[in-house]
Amino acid sequence: MKAWLKVRPVSDAPELFCNARAQAMTRSGFEYILSKHVATAARKAPSIAGKGVSPHVLRHTCAMHTLQATRDVRKVSLWLGHASLQSTEVYLRADPTEKLEALAAMSAPMLTPGRFRAPDKLLAMLNAAGRKPNYAE
């Protein structure tokens, strides 16, 4: 950021990025510049031509990378400027690596197959009588 501010054109605008008239860059101005860079990149890497590159996609991609790097949805929420964490929770559901890691951490219980034997004499007596235990009594 410091390097950019040193070479940024002089402007009274507080925004970080300005247009050619030294005014705050608009959304449409950013989309225009981005589309020019996407076209240039597509000439060198044709696979990019079929991709939907937009400011929204860049924002979402950056949020996903931030989540994967920090593992902290609060930091993603702050970076995106969301008013609440609920808005950011969609990124938790969208990240398949989080789900795969959670599944990998799970292990099957170490149970051996066999018949149930009541560990307590009272439970054994109730089982023998054909009555299910009623713990509310």
Side-chain angles (χ1 to χ4, degrees):
M1 297 291 255
K2 289 178 183 177
W4 168 247
L5 289 173
K6 287 180 184 177
V7 297
R8 184 186 95 141
V10 177
S11 172
D12 291 334
E15 287 77 13
L16 190 59
F17 299 104
C18 298
N19 60 22
R21 294 182 305 266
Q23 297 171 335
M25 185 180 294
T26 63
R27 287 181 182 184
S28 60
F30 181 77
E31 287 174 1
Y32 171 75
I33 291 171
L34 179 62
S35 67
K36 285 190 344 183
H37 288 290
V38 169
T40 301
R43 286 195 290 275
K44 293 186 179 187
S47 63
I48 293 175
K51 307 282 185 197
V53 181
S54 69
H56 179 75
V57 169
L58 294 179
R59 177 180 165 88
H60 178 72
T61 302
C62 187
M64 294 299 289
H65 285 295
T66 303
L67 178 61
Q68 289 171 352
T70 65
R71 303 274 186 220
D72 190 348
V73 71
R74 293 169 301 159
K75 289 180 181 173
V76 176
S77 182
L78 285 170
W79 187 86
L80 293 172
H82 287 167
S84 75
L85 281 177
Q86 290 176 332
S87 303
T88 315
E89 286 177 357
V90 67
Y91 292 99
L92 292 174
R93 291 189 293 274
D95 186 3
T97 58
E98 294 285 328
K99 293 176 188 173
L100 293 174
E101 286 174 8
L103 289 173
M106 300 297 294
S107 62
M110 300 302 288
L111 299 176
T112 55
R115 284 186 60 157
F116 172 76
R117 291 196 179 107
D120 183 80
K121 288 184 180 182
L122 175 61
L123 288 176
M125 180 187 71
L126 292 172
N127 263 349
R131 180 174 172 233
K132 293 182 181 177
N134 183 359
Y135 296 106
E137 294 177 350

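These numbers were taken from a predicted model, which means no experiment stands behind them.
- Taking SG of Cys62 as the reference point, atom CG of Leu67 lies at 11.5 Å (rounded to 0.5 Å).
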For residues 49-58, which side-chain N or O atoms pair as donor and acceptor with protein atoms under 3.5 Å away, sequence neighbours left out?
residue: Ser54; atom: OG; partner: His56; partner atom: N; Å: 3.4
residue: Ser54; atom: OG; partner: Val57; partner atom: N; Å: 3.2

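- By the 6.0 Å contact criterion, CZ on Arg8 is enclosed, its count of non-hydrogen atoms from other residues, nucleotides or ligands being greater than 12.
- Qualifying side chain to side chain contact (heavy atoms under 4.5 Å, CB included) partners for Ser84, counting only residues two or more places apart in sequence or in other chains: Gln86, Ser87.
- With rounding to the nearest 0.5 angstrom, the CE atom of Met64 is 14.0 Å from the CZ atom of Arg59.
- Here the closest non-hydrogen pair linking Ala41 and Ile48 is CB-CD1, 3.9 Å.
- Taken together through direct or relayed side-chain contacts under 4.5 Å among Ile, Leu, Val, Met, Phe, Trp and Tyr, Val7 and Leu16 form part of one hydrophobic cluster.
- Legend: ring-ring contact (aromatic ring centres under 6.0 Å, His included) pairs involving residues 5-55, not counting sequence neighbours, sorted by first then second residue: Trp4-Phe17.
- Taking 4.5 Å as the limit, every side-chain heavy atom of Thr26 sits out of range of all side-chain heavy atoms of Asn19.
- Taking 4.5 Å as the limit, every side-chain heavy atom of Met25 sits out of range of all side-chain heavy atoms of Cys18.
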